Amino acid sequence: MTKRVLVTGGAGFLGSHLCDRLIAAGNDVLCVDNYFTGSKDNIRHLLGHPKFELMRHDVTFPLYVEVDEIYNLACPASPIHYQYDPVQTTKTSVHGAINMLGLAKRTKAKILQASTSEVYGDPEVHPQPESYWGKVNPIGIRSCYDEGKRCAETLFFDYWRQHRLKIKVVRIFNTYGPRMNPHDGRVVSNFIVQALQGQDITIYGDGSQTRSFCYVDDLLEAMMRTMATSDDFTGPVNIGNPVEFTIAELAKLVLEMVGSKSKLIFNPLPQDDPKQRKPDITLAKDVLKWEPTIKLRDGLEKTIAYFKKITG
Ligand code: NAD
Ligand code: UDP
Ligand code: UDP
């Protein structure tokens with residue numbers, strides 16, 4: 001039987017690729033988005049497809065639809081966007097989770113939460129395994145996102161314990177690829193756009209902080225495999241690429257690949273910016289039989305080609 005799958009945040013970067021893959025796999029897809037950071041351009045090619053339905057809706061309000069599976073991705077993901085209206089960010093994570101969990105409870109749908117490596121905060125354990133509880137500032141400028149996502153995880157596990165919902169929690173580490181919003185200030189999109197336009201490359205701090213970058217196709221494969229695990233598997237499971245780079249290394253690689261003469265400039269490091277981040281993916285390897293296959297250079301090539309096209 002064809003599955004009816006709801007993707008919240010489906011017009012965003014990850015959500016739009018997820019809609020593509022779910023449609024390609026023969027599912028009926030309902031994409032829900034309020035277009036805060038996402039765009040119809042990301043899913044325009046799906047409009048008119050008989051298995052695709054688009055709905056403008058804010059997940060902080062109840063949603064009554066009939067579905068079999070829910071991927072809950074709705075939430076601004078980049079610091080400048082989630083800090084733009086921090087109260088709305090927490091509401092989106094918390095009220096959004098309550099509404100989607102209520103929907104899952106009523107429809108008996110399986111529900112997956114897009115959580116984040118930010119639940120580990122500025123980690124003292126490196127790399128980060130799922131068992132690490134994190135070091136998160138509860139009152140800082142990143143807290144609306146970090147604590148919102150942590151509370152959403154709490155809600156998922158309480159609905160699982162209390163109402164026996166079929167839940168899956170994935171903790172996503174930095175992911176990049178085509179359809180990232182060019183204005184959302186994330187490091188990969190910023191550096192590529194700056195390099196393409198000959199603007200200065202803005203390194204925050206001294207560039208020694210690290211991140212581990214996963215290409216979108218690898219990430220979505222892991223996310224869909226998680227949804228397909230047996231009902232006794234809840235996660236949380238880390239998904240991301242464990243190959244770690246400093247931000248300075250990323251800047252140099254982007255400059256070289258674009259063939260740009262942009263200068264590197266050093267700006268102040270934002271408050272609570274994590275110094276290091278790298279997923280321990282032992283659990284994902286074991287349960288999902290998955291590990292990333294796309295090297296940073298190969299993923300950047302596709303991402304650069306995308307930004308060349310849209311910034312024309
Ligand atoms: P994105 O900003 O491109 O997508 C988020 C989508 O959610 C957008 O389309 C936005 O308009 C929509 N949205 C925001 N608030 C909403 C609301 N109240 N109601 C309905 N829709 C709303 O970001 P993304 O990178 O695609 O992230 C998708 C999810 O994955 C987010 O939950 C994010 O926290 C999580 N995540 C992403 C990364 C990453 O590196 N990309 C890392 C960790 C976690
Ligand atoms: N909800 C929803 N769609 C549904 C069912 C519930 O949006 O199909 C929302 C509803 O607003 C409710 C929330 O989910 O407040 C939590 O639902 P639950 O059944 O857990 O709690 P209750 O209705 O008892 O508050
Ligand atoms: N960063 C940077 N220059 C930029 C944008 C980001 O040096 O133009 C840094 C940022 O301070 C952080 C890292 O790159 O240390 C990753 O930032 P991003 O916003 O992409 O993701 P997150 O901090 O949420 O991992």
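The structure presented is a predicted model; accordingly, all values stated were derived computationally and were not measured. Only this structure's heavy atoms are used, side chains among them; waters, hydrogens and symmetry mates stay out.
- Placement of M223 and V29 within a single hydrophobic cluster is found when ILVMFWY residues are connected by side-chain heavy-atom separations under 4.5 Å, directly or transitively.
- Taking all atoms of both residues into account, the shortest heavy-atom contact from Y215 to K302 is OH-CD, 3.1 Å.
- Here the closest non-hydrogen pair linking M227 and I70 is CE-O, 3.3 Å.
- Under the salt bridge (charged side-chain N to carboxylate O under 4.0 Å, His left out) rule, D68 has a single partner from R4, K3, K108, which is R4.
- Ion pairing between a basic and an acidic side chain is recognised when a charged N comes within 4.0 Å of a carboxylate O; E221 and R21 show such pairing.
- Residues V169 and F157 share a closest heavy-atom pair of CG2-CE1, 3.6 Å.
- Side chain to side chain, E244 and T210 meet the donor-acceptor criterion of an N or O pair below 3.5 Å.
- When all heavy atoms are compared, the tightest approach of M180 to S189 is CE-OG, 4.1 Å.
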Exercise answer: donor-acceptor pairs, residues 265-274 side-chain atoms, under 3.5 Å, sequence neighbours excluded:
residue: D272; atom: OD2; partner: N137; partner atom: ND2; Å: 3.0
residue: D273; atom: OD1; partner: R211; partner atom: NH2; Å: 3.2

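- A salt bridge is absent between D33 and R56; no separation between the charged side-chain nitrogens and carboxylate oxygens falls under 4.0 Å.
- T8 places a side-chain heavy atom less than 4.5 Å from the side chain of M100.
- Here the side chain of K168 pairs a donor or acceptor atom with the backbone of T229 at under 3.5 angstrom.
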### Message
Run R171 and E130 through salt bridge (charged side-chain N to carboxylate O under 4.0 Å, His left out) and show every step you take.
### Response
CA-CA 8 Å; R171 292 185 178 152; E130 291 84 355; over 6 Å; no

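- Residue F245 is grouped with residue L255 when hydrophobic side chains (ILVMFWY) are merged at heavy-atom distances under 4.5 angstrom, including chains of intermediate members.
- Annotation: ring pair (Phe, Tyr, Trp, His ring centres under 6.0 Å) contacts of H163 (sequence neighbours excluded): Y159.
- Remark: E256 engages R297 in a salt bridge, criterion side-chain N to carboxylate O under 4.0 Å.
- In this structure, the side chains of T282 and K285 stay at 4.5 Å or more apart for every pair of heavy atoms.
- At a threshold of 4.5 Å between non-hydrogen side-chain atoms, the residues I247 and Y204 do not count as touching.
- Side-chain contact between S212 and P242 is absent, with no heavy-atom pair separated by less than 4.5 Å.
- Ion pairing between D122 and R277 fails under the 4.0 Å rule for side-chain N and carboxylate O.
- Residues P76 and Y84 fail the side-chain proximity criterion, which asks for heavy atoms closer than 4.5 Å.
- Atom CD in E69 sits 9.5 Å away from atom NZ in K166 (nearest 0.5 Å).
- Heavy-atom minimum distance, L103 versus V65: CD1-O, 3.3 Å.
- Closest heavy-atom contact between N238 and A284: O-CB, 3.5 Å.
- Comment: E153 does not engage R150 in a salt bridge, judged by the lack of any side-chain N to carboxylate O separation of less than 4.0 angstrom.
- Under the 3.5 Å distance criterion, the side-chain polar atoms of E249 are matched with a main-chain donor or acceptor of T246.
- Side-chain atoms of N181 come within 3.5 Å of backbone N or O of T37 as a donor-acceptor pair.
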### Task
List the steps, then state whether salt bridge (charged side-chain N to carboxylate O under 4.0 Å, His left out) holds for E66 with R106.
CA-CA 9 Å; E66 308 311 311; R106 183 182 60 77; 3.2 Å; yes

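- Salt bridge status for E118 with R142: present, with a side-chain N to carboxylate O gap under 4.0 Å.
- Here K295 does not pair with D298 in a salt bridge; the nearest charged N to carboxylate O distance is not below 4.0 Å.
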